[in-house]
Visitor: 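Here you go, one structure.
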Amino acid sequence: MAGKEPEIITDKNQMRKWSRTMRSKGKTIGLVPTMGYLHEGHISLVREAHNHTNLIVVSIYVNPGQFSTTEDLSTYPSDFDRDIQKLMAVPGGVDVVFHPYNLYDYGQRKPSGANNFGSSNDNCEKTICGDGGKVEKKEVVSCLEESGLGHETWVRVERLEKLLCGKSRPVFFRGVATVVTKLFNIVEPDVAVFGKKDYQQWRIIQRMVSFQRILKFLIECWQE
Ligand code: PAF
């Protein structure tokens, strides 16, 4: 059964403005970060968020910063319309879907062409924009470095990111920590909800926020 239709915001300044306006009206904001293609696990995080705040923002952004050049960003599944339908079916719905095109700063270099790490699933292997920025394949790099667009600022939880899955996915956790920091700074949530099923990711974000003190609460939630 379809419920409330979320407002879809793609611009980060507009997103921040929405959050600040709502907070000035005394509302609290819960954030559920996702990369889309939502399943029951994500929906359980949205339900959990409803227990803590008045308003809910779900972000849908396929983050190129957490994919290495050997992982295929282009085949990451997405179905935005279906995601919206699923969110509308959650009791209470969600207030905003934050769906940015790009969350990285390329400095003076401008992405050229369609394949420039927007939120569509572009293949990093194919994207070489500008000249001379391409890094040697033998280095462990993410799709962003591969692009040669000049992104070089990362948030890292240095000890925890190297353990367990970090051994086989060396760029993954710094990509997650970086994009989650960006999302926190844009949405400015009171509460964020992450699945504890991805335990190492959850632990890294918990460690990160304990230092940054961005959030009032980080909710522990197992997802299916
Ligand atoms: O768990 C995920 O879906 C992603 O790693 C996250 C936390 C949304 C960051 O891109």
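Every number for a ligand or one of its atoms is a count from 1 in the order of the listing.
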Visitor: What protein heavy atom sits nearest atom 10 (O) of ligand 1, and how far away is it?
Guide: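 Residue, atom and distance for the closest contact: Q66 OE1, 2.8 Å.
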Visitor: Hey, which atoms in ligand 1 end up nearer than 4.0 Å to a heavy atom of V179?
Guide: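 Numbered from 1, ligand 1 contributes 9 (C), 10 (O).
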Visitor: Can you tell which part of I205 has a heavy atom less than 4.0 Å from ligand 1: side chain, backbone, both or neither?
Guide: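 Under 4.0 Å from ligand 1, I205 contributes no heavy atoms.
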Visitor: Give me each pair satisfying salt bridge (Lys or Arg N to Asp or Glu O under 4.0 Å) with a member in residues 27-36, each pair once, sequence neighbours excluded.
Guide: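 Qualifying pairs: none.
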Visitor: Going by the atom numbers of ligand 1, which of them fall below 4.0 Å from some non-hydrogen atom of V176?
Guide: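 Ligand 1 atoms under the 4.0 Å threshold to V176: 5 (O).
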Visitor: Which of the atoms of ligand 1 are close to M35, meaning less than 4.0 Å from one of its heavy atoms?
Guide: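 Numbered from 1, ligand 1 contributes 3 (O), 4 (C), 8 (C), 10 (O).
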Visitor: Provide the full list of salt bridge (Lys or Arg N to Asp or Glu O under 4.0 Å) pairs with a residue in residues 160-174, sequence neighbours left out, each pair given once.
Guide: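 For residues 160-174: E71-R169, E145-R174, R156-E161.
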Visitor: Among protein heavy atoms, which lies nearest atom 7 (C) of ligand 1, and at what distance?
Guide: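 Protein heavy atom with the smallest distance to atom 7 (C) of ligand 1: Q201 NE2, 3.5 Å.
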Visitor: Do R203 and Q200 have a side chain donor and acceptor closer than 3.5 Å?
Guide: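 Side chains of R203 and Q200: no pair found under 3.5 Å.
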Visitor: Could you check whether K182 makes a cation-pi contact with Y104, meaning its NZ or CZ is under 6.0 Å from the centre of the six-membered ring and within 45° of the ring axis?
Guide: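 K182 over Y104 ring: yes.
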Visitor: Tell me whether the count of non-hydrogen atoms from other residues, nucleotides or ligands lying under 6.0 Å of CD in E5 goes above 12.
Guide: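 Open.
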